[in-house]
Number of protein chains: 2
Amino acid sequence: MDFTPVRRVNAYEQIVEQIEQGVATGELRAGDRLPGERRLMETFSVSRATVREAMRVLHATGLVDSRPGDPRGPVVLPFSPEVLEGPLLRMTRQEGASRAELLQFRLVVDGQAALLAAIHHREADLDQIDAAVRGLAELADAEEIDPAEFGTRLQGFHEAIRRASGNRLLEACGSAVGGALTELAQRRLETEVNRGLRVHRSADDAAALAERIRTGDTAGAQLAATSNIYRYYRDILTDDERAALEPMSGAVSDLGL
Amino acid sequence: MDFTPVRRVNAYEQIVEQIEQGVATGELRAGDRLPGERRLMETFSVSRATVREAMRVLHATGLVDSRPGDPRGPVVLPFSPEVLEGPLLRMTRQEGASRAELLQFRLVVDGQAALLAAIHHREADLDQIDAAVRGLAELADAEEIDPAEFGTRLQGFHEAIRRASGNRLLEACGSAVGGALTELAQRRLETEVNRGLRVHRSADDAAALAERIRTGDTAGAQLAATSNIYRYYRDILTDDERAALEPMSGAVSDLGL
DNA sequence: GACCCGATGCTGGCCGGACCAGTATCCCTT
DNA sequence: AAGGGATACTGGTCCGGCCAGCATCGGGTC
């Protein structure tokens, strides 16, 4: 007979698992309310400290939220892509992944998102993308350019494309890794001497990409997306990092850059 | 003047943030030890219950681990891709993403991983991949086929390719989404009538993919990877799901399947 | 001298009770 | 009918305590 290693299972973990289970099976759905802590300590027959520990990890994993004083009790949350962002950020900061890997991953995700967006090119999605493009152009033509604001809008533009891809996993991973990358690039834009030129070029690139998506140019959209992003970050890369990324975004040369 | 919304920050959250900060800045590195709970409650001047809640969320996010009785205190963990798996699994179960999206995402990730693996084709990585291929073939030729074991080894084969890609983000996302998908496909393989045929075909496909990676056939490796995976799951998809995925894995027809 | 073994002082796990600052509700006042 | 408090809750935090398990070290045995 074969034994299985014993699994230490703390009391609070059992509570977490039971509630996670409830969410997984659909028994608990987003918006549902859990009993208050005092009630839970009775149903699980544990102390309040234990149910609180369970609530803390459920809150940390984005499953529930609670407010003091709310007699309806903790609420079950809908899934949010933000829960992916934390782990991905950690991965970069804790040497789980280098900047080159991060950027490479983003090229893959956002390139694919652009491709899928070009396949679908649904009207509602295109409107969203165009709105984002107009927002970028408007800001680029302004007298004084706020780097942080431009970064936010550029982020929103990519966000719109990912949404148009129709794949929420791409959407979540893209925004997560995008958030991690902007943390690296933000300072660059702030200290940029020729800020106007760079901003204008980014806005133009965005418009060109949007056009490719609109016309259903799948391959072109993918190439434009990857090369746009690569060019945006190229200056802050070391030679080694560039060498690692060139093969992936063969797009760069294809567009004559 | 513009006000910023107040942010309720609980005591335990401050502890979590401080320790997360320490890990982010490199002040705390994997393997380092934190003071025991009784010491922490003094340095943060909070009660033990509060530091315990903080430790629970740090544990839930995979940052630290602790064992009762260990006088060295909680240990800081290295990053592990597994922390991504939880959120991704939740995403599928909580209608954050459909099966089709999940599979599409995997086609992108594992396709790209195969492509990158073919670019590098480092000898050490190839050895790992070949070992996995041999493991599959050996199992496919066995008298009695254990479906669970075959699933595990197939998983290991893809794992080896992702590792060979040199991108730990692809590796992490791939294994996470792979884990989520096998949960769906495992039962299928167990009830499969013509199990032997399917297993043999999968083993052969894996060998062909490995060969393309070895010879540096980048495009071929990517096509083989995506079409292998797609074919593996095709039977459990609905017509709608197939229609959504066909455009992405144009690979299927290219290989004459 | 080498080895075994138990006492001891630590660790985290869990409990019960308590107090506080908020919030929602209901009932009473105007 | 509208306003405004008392009230009964909520979660947030603290305290002090007990327990089981791990490490270490010292005292014993062979």
Side-chain angles (χ1 to χ4, degrees), chain A residues 3-20 22-23 28 30-78, chain B residues 3-20 22-23 28 30-78:
Chain A
F3 300 104
T4 69
V6 285
R7 180 172 153 248
R8 296 186 67 81
V9 49
N10 297 346
Y12 86 96
E13 289 184 280
Q14 298 186 42
I15 301 180
V16 168
E17 282 171 15
Q18 288 193 46
I19 295 183
E20 274 179 347
V23 173
L28 285 173
D32 287 356
R33 296 290 180 161
L34 261 45
E37 296 180 354
R38 280 146 177 105
R39 211 100 41 197
L40 287 176
M41 67 184 267
E42 291 174 7
T43 71
F44 290 110
S45 54
V46 293
S47 77
R48 193 150 90 94
T50 303
V51 345
R52 303 196 92 254
E53 292 178 13
M55 298 311 286
R56 292 269 113 109
V57 339
L58 289 172
H59 177 77
T61 50
L63 260 167
V64 306
D65 195 13
S66 54
R67 258 193 1 240
D70 192 337
R72 296 170 299 178
V75 59
V76 178
L77 296 176
Chain B
F3 300 103
T4 70
V6 284
R7 180 172 153 247
R8 292 189 73 77
V9 49
N10 296 346
Y12 86 95
E13 289 184 279
Q14 298 186 43
I15 301 180
V16 169
E17 282 171 14
Q18 288 192 45
I19 295 183
E20 276 179 345
V23 174
L28 285 173
D32 287 356
R33 295 290 180 161
L34 260 46
E37 296 180 353
R38 278 141 178 111
R39 210 100 42 197
L40 287 175
M41 67 184 267
E42 291 174 5
T43 72
F44 290 111
S45 55
V46 293
S47 77
R48 194 150 90 95
T50 303
V51 347
R52 300 194 95 254
E53 291 179 13
M55 296 311 286
R56 292 270 113 110
V57 340
L58 288 172
H59 177 76
T61 50
L63 260 167
V64 305
D65 194 14
S66 54
R67 259 192 359 237
D70 191 337
R72 295 170 301 180
V75 59
V76 177
L77 296 177

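Since the structure is predicted, the reported quantities are computational estimates derived from the model, not experimental observations. Chain identifiers are assigned alphabetically (A, B, ...) following the order of the sequence lines, protein sequences preceding nucleic acid strands; residue numbering begins at 1 within each chain.
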Donor-acceptor contacts under 3.5 Å from residues 34-42 of chain B side chains, at least two apart:
{"from": "B:Glu37", "atom 1": "OE1", "to": "B:Arg48", "atom 2": "NH1", "distance (Å)": "2.5"}
{"from": "B:Glu37", "atom 1": "OE1", "to": "B:Arg52", "atom 2": "NE", "distance (Å)": "3.1"}

Item to check | Distance, nearest 0.5 Å, that separates CG of A:Leu58 from CG of A:Leu77 | outcome: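 Answer rounded to 0.5 Å: 10.5 Å.
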Checklist entry - Looking at residues at least two apart in the chain, or sitting in another chain, which of them share a side chain to side chain donor-acceptor pair (under 3.5 Å) with A:Ser47? => result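 Residues passing side chain to side chain donor-acceptor pair (under 3.5 Å) with A:Ser47: A:Thr50.
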Next on the checklist: Distance under 4.0 Å to a non-hydrogen atom of chain B counts as contact; along DNA chain D, which nucleotides mark the start and end?
Outcome noted: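 Contacts span D:dG12 to D:dA23, reading 5' to 3'.
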Next on the checklist: With nearest nucleotide decided by heavy atoms, which residue, B:Gly73 or A:Pro71, maps closer to the 5′ end of DNA chain C?
Outcome noted: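 Nearer the 5' end of the strand: B:Gly73.
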Checklist entry - Closer to the 5' end of DNA chain C via nearest nucleotide, is it A:Arg8 or B:Arg8? => result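 Its nearest nucleotide being more 5', the pick is A:Arg8.
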Quick one: side chains of residues 9-17 of chain A, donor-acceptor pairs under 3.5 Å with protein atoms, not counting sequence neighbours, listed by atom name and distance.
{"from": "A:Tyr12", "atom 1": "OH", "to": "B:Arg56", "atom 2": "NE", "distance (Å)": "3.4"}
{"from": "A:Glu13", "atom 1": "OE1", "to": "A:Asn10", "atom 2": "N", "distance (Å)": "3.1"}
{"from": "A:Glu17", "atom 1": "OE2", "to": "A:Arg7", "atom 2": "NH2", "distance (Å)": "2.3"}

Next on the checklist: I'd like to know if the side chain of B:His59 reaches the main chain of B:Asp65, judged simply by a donor and an acceptor atom lying under 3.5 Å from each other, with no hydrogens or angles considered.
Outcome noted: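 No; judged by distance alone, with no hydrogens or angles, the pair does not exist.
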Next on the checklist: Using a 3.5 Å distance criterion without hydrogens, assess whether the side chain of B:Arg33 forms a donor-acceptor pair with backbone atoms of B:Pro74.
Outcome noted: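 Not at all, since once roles are kept as given, no pair shorter than 3.5 Å links the two residues.
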Checklist entry - Between which nucleotides of DNA chain C, 5' to 3', does chain B make heavy-atom contacts below 4.0 Å? => result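 Span of nucleotides near chain B: C:dT11 to C:dC14.
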Checklist entry - Which residues within residues 58-69 of chain B lie with some heavy atom under 4.0 Å of an atom in DNA chain C? => result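 Heavy-atom contacts with DNA chain C come from B:Arg67, B:Pro68, B:Gly69.
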Checklist entry - Counting only non-hydrogen atoms, which of residues 36-54 of chain A are less than 4.0 Å from DNA chain D? => result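 Contacts with DNA chain D under 4.0 Å: A:Gly36, A:Glu37, A:Arg38, A:Arg39, A:Arg48, A:Arg52.
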Checklist entry - Can B:Leu63 and B:Val23 be said to form a side chain to side chain contact (heavy atoms under 4.5 Å, CB included), step by step? => result CA-CA 8 Å; B:Leu63 260 167; B:Val23 174; 3.8 Å; yes
Item to check | Taking every non-hydrogen atom, the tightest pair across A:Ala60 and B:Val57 | outcome: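 Scanning both residues completely, I find the closest heavy atoms to be CB-CB, 3.9 Å.
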Next on the checklist: Using five pairs at each end of the helix from C:dG1-D:dC30 to C:dT30-D:dA1 to define an axis, what is the angle between those two axes, to 10°?
Outcome noted: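 Comparing the first five pairs with the last five, the axes sit 10° apart.
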